[in-house]
2 protein chains.
Amino acid sequence: MTSVDEPARPNGRIRDAARTQAEILDVATREFARAGYDGARVDEIAARTRTTKRMIYYYFGGKEQLFTAVLERAYGVIREAEQRLDVEHLDPVAAIRRLAELTFDHHEQHPDFIRLVSIENIHGAEHIAASERLGKIGSPALDVIRRILAAGQESGLFTADVDAVDLHAMISSFCFFRVANRHTFGALFGRDLVAPDQREHYRAMLGDMVIAYLTAERAAD
Amino acid sequence: MTSVDEPARPNGRIRDAARTQAEILDVATREFARAGYDGARVDEIAARTRTTKRMIYYYFGGKEQLFTAVLERAYGVIREAEQRLDVEHLDPVAAIRRLAELTFDHHEQHPDFIRLVSIENIHGAEHIAASERLGKIGSPALDVIRRILAAGQESGLFTADVDAVDLHAMISSFCFFRVANRHTFGALFGRDLVAPDQREHYRAMLGDMVIAYLTAERAAD
DNA sequence: GAGTTAATGTACGAACCAGTACGTTAGTCA
DNA sequence: TGACTAACGTACTGGTTCGTACATTAACTC
């Protein structure tokens with residue numbers, strides 16, 4: 001009954017700290033995203049790895065720090081994606097639209113990340129505050145927006161008074177809401193915001209919205 | 001929200017089922033909003049009322065049903081607010097802007113409700129699905145949007161191809177994100193989206209965005 | 001190839017927590 | 001006024017869950 005015959009370590013390394021840590025992070029990401037911080041179970045996370053609960057405490061210290069590590073890695077992924085942004089060869093209008101579309105795509109492709117951010121907000125962003133790494137990650141996307149915005153405003157294509165952080169918030173709002181609130185929105189209004197056949201519609205809607213806002217003639221004040 | 005502000009009548013009834021239930025709901029709303037569904041403690045909710053845990057089970061059946069009851073009441077409040085909407089005497093542009101502003105205000109004034117909705121989405125809207133009451137509440141706001149939109153489109157002020165549910169999603173996105181994600185956004189970008197001195201700025205931004213979108217000339221396709 | 005340490009597994013405990021068995025009292029009405 | 005019932009309180013339980021003490025082994029160093 002014992003002997004689920006493991007190949008008695010012929011050449012492969014049984015002990016691999018990096019692999020064990022990565023596996024724990026993978027599983028923990030799924031579990032935290034699925035059930036929330038308090039809903040997730042350390043025992044359950046351990047059971048879904050090839051190692052034991054002991055290793056979670058050995059490498060991460062505890063549930064709280066594990067969640068922080070999960071967040072750090074998740075934010076690292078989007079930072080990397082943002083660093084690969086390549087839209088500045090386009091004219092400002094096309095560049096902003098493209099940037100919005102890539103943001104849209106990234107949100108759609110990483111629902112677990114969206115859920116983690118929701119969860120972290122429920123907890124007042126205390127883990128981000130406690131993390132040295134997360135405190136100081138800038139947003140490459142923000143720099144890109146800043147430059148496109150400046151170019152568009154200089155050429156007179158965009159209205160002058162739009163701030164990059166605000167625009168980022170506007171774009172993120174739409175992308176985030178569509179994924180994060182799809183369950184309640186679907187239940188209450190009978191429309192699945194993430195339905196595949198609606199994808200292009202909402203992607204275009206976001207671009208239209210942002211461009212309309214940036215190019216609209218604002219009432220002088 | 002029907003809060004319990006009853007001045008503990010000296011010779012009056014000690015036993016008051018309605019008051020006890022309302023008090024439990026008040027406290028539960030705060031606790032669930034504060035800590036999430038799994039983070040909230042039934043004992044803690046009971047301790048913060050003038051009654052005991054026994055009464056929670058007596059009136060609501062369990063934690064799950066209590067949370068559903070909290071959601072039902074919270075959604076009831078916004079439905080009531082939406083029924084008091086009075087913007088249709090305005091021209092379509094002003095009416096939509098006003099509607100967006102009122103949505104903005106309501107989100108700002110009910111952060112607990114926003115948190116409950118976030119929490120419910122983490123749990124896949126399963127409580128809404130299980131609730132008979134919540135399944136069938138329409139949105140009065142949606143009807144208002146529909147009518148304003150139709151008027152605006154008929155008069156040629158608005159572009160023809162905008163759907164009411166989509167517009168509602170757009171407006172809600174911005175309002176929701178600003179409140180729900182203020183912690184992570186603030187921690188990462190150093191900007192408090194809910195800072196009082198930024199309130200008018202973001203309120204105007206929302207209105208500008210929606211009006212720009214509705215009145216923009218879309219590229220024909 | 002002996003010693004050292006990083007990595008891993010096992011078993012357990014103490015606190016916590018949702019839910020309940022059972023007893024009590026206030027208010028009502030015949 | 002006495003019986004009945006809705007409303008309420010106390011005390012407990014059984015299972016869960018985070019965390020840890022202790023044992024063990026793989027792999028590296030010299």
Side-chain angles (χ1 to χ4, degrees), chain A residues 1-28 30-32 34-70 119 123 126-127 130, chain B residues 4 6 8-28 31-32 34-70 119 123 126-127 130:
Chain A
M1 12 190 339
T2 49
S3 82
V4 181
D5 36 80
E6 288 256 321
R9 67 249 165 236
N11 49 1
R13 312 209 324 239
I14 302 289
R15 305 197 159 184
D16 186 337
R19 201 228 55 177
T20 300
Q21 290 177 49
E23 188 175 0
I24 291 172
L25 280 179
D26 284 343
V27 175
R30 284 199 297 274
E31 276 300 295
F32 281 126
R34 186 183 62 78
Y37 177 78
D38 291 291
R41 299 286 163 242
V42 177
D43 282 299
E44 183 66 22
I45 292 170
R48 292 182 190 275
T49 67
R50 275 173 289 180
T51 183
T52 66
K53 184 167 59 160
R54 177 71 185 78
M55 289 297 96
I56 292 175
Y57 289 89
Y58 183 71
Y59 283 120
F60 297 97
K63 189 180 182 182
E64 204 92 29
Q65 295 99 308
L66 176 61
F67 184 71
T68 302
V70 164
I119 292 161
H123 295 275
E126 63 181 8
H127 303 95
Chain B
V4 178
E6 202 143 316
R9 307 200 294 181
N11 62 343
R13 316 211 318 243
I14 303 287
R15 305 194 159 187
D16 186 336
R19 200 227 58 179
T20 300
Q21 290 178 50
E23 187 175 0
I24 291 171
L25 280 179
D26 284 342
V27 174
E31 276 299 295
F32 281 126
R34 187 183 63 78
Y37 177 78
D38 291 291
R41 298 288 163 239
V42 177
D43 282 300
E44 184 66 22
I45 292 170
R48 292 182 189 276
T49 65
R50 275 173 288 180
T51 184
T52 66
K53 183 165 61 159
R54 178 71 185 80
M55 288 297 97
I56 292 175
Y57 289 89
Y58 183 70
Y59 283 120
F60 297 96
K63 188 180 183 181
E64 204 92 30
Q65 295 100 306
L66 176 60
F67 184 72
T68 302
V70 164
I119 291 161
H123 295 275
E126 62 180 9
H127 303 94

S.K.: What is the distance from CD1 of Ile24(A) to P of dG9(C), rounded to the nearest Å?
M.R.: 10 Å
S.K.: Can you tell me how far the CD1 atom of Ile24(A) sits from the CD atom of Glu31(A), to the nearest 0.5 Å?
M.R.: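 If I round to the nearest 0.5 Å, the distance is 13.5 Å.
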S.K.: Once you round it to whole Å, what is the distance between C1' of dA6(C) and CG of Asp16(A)?
M.R.: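 After rounding, the reported distance stands at 12 Å.
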S.K.: Picking from dT8(C), dT17(D), dC8(D), which would you name as closest to the side chain of Asp43(A)?
M.R.: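 So the nucleotide nearest the side chain must be dT17(D).
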S.K.: Look at Tyr59(B) and dC8(D) and indicate whether a side-chain polar atom (N or O) is within less than 4.0 Å of OP1 or OP2.
M.R.: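 Result: yes.
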S.K.: Would you compute the distance between atom CG of Asp26(A) and atom CZ of Arg48(A) and round it to the nearest 0.5 angstrom?
M.R.: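 Spacing of CG (Asp26(A)) from CZ (Arg48(A)) equals 13.5 Å.
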S.K.: Report yes if at least one side-chain N or O of Arg41(B) is closer than 4.0 Å to OP1 or OP2 of dA18(C); otherwise report no.
M.R.: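 Affirmative; the distance criterion is met.
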S.K.: In whole Å, what is the span from the OH atom of Tyr58(A) to the P atom of dA23(D)?
M.R.: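 Taking atom P of dA23(D) as the reference, OH of Tyr58(A) is at 18 Å.
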S.K.: What is the separation between atom CG on Leu66(A) and atom P on dT17(D), rounded to the nearest whole Å?
M.R.: 16 Å
S.K.: If I take atom NZ in residue Lys53(A) and atom P in nucleotide dT17(D), what distance separates them, rounded to the nearest angstrom?
M.R.: 10 Å
S.K.: Tell me which nucleotide among dC8(D), dG19(C), dT20(D) gets nearest to the side chain of Lys63(B).
M.R.: dG19(C)
S.K.: Do you know which of His123(B), Glu64(B), Lys63(B) makes side-chain hydrogen bond (donor to acceptor under 3.5 Å, both in side chains) with Tyr37(B)?
M.R.: Glu64(B)
S.K.: If I take atom OH in residue Tyr37(B) and atom P in nucleotide dA18(C), what distance separates them, rounded to the nearest angstrom?
M.R.: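 From Tyr37(B) OH to dA18(C) P: 8 Å.
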S.K.: Is the shortest side-chain N/O distance from Thr20(A) to OP1 or OP2 of dT8(C) below 4.0 Å?
M.R.: yes
S.K.: Which part of the nucleic acid, if any, lies within contact of Ala46(B), taking any heavy atom under 4.0 Å across all strands shown: a base, the sugar-phosphate backbone alone, or nothing?
M.R.: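 If one applies the 4.0 Å heavy-atom cut-off, Ala46(B) turns out to touch nothing in the nucleic acid.
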S.K.: Tell me what Ala40(B) touches on the nucleic acid: a base, only sugar-phosphate, or nothing, going by heavy atoms under 4.0 Å.
M.R.: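 Touches sugar-phosphate only.
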S.K.: Report yes if at least one side-chain N or O of Thr51(A) is closer than 4.0 Å to OP1 or OP2 of dG9(C); otherwise report no.
M.R.: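 Yes, Thr51(A) has a side-chain N/O under 4.0 Å of OP1/OP2 on dG9(C).
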S.K.: What is the distance, to the nearest angstrom, from the CZ atom on Arg54(A) to the C1' atom on dC12(C)?
M.R.: 14 Å
S.K.: Check the distance between dT20(C)'s P and Phe60(B)'s CZ and give it to me in whole angstrom.
M.R.: 16 Å
S.K.: Can you confirm whether Leu66(B) sits close enough to Phe32(B) that some side-chain heavy atom of one is under 4.5 Å from a side-chain heavy atom of the other?
M.R.: yes
S.K.: With sequence neighbours excluded, tell me which residues meet ring pair (Phe, Tyr, Trp, His ring centres under 6.0 Å) with Tyr57(B).
M.R.: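 For Tyr57(B), no residue satisfies ring pair (Phe, Tyr, Trp, His ring centres under 6.0 Å) once neighbours in sequence are set aside.
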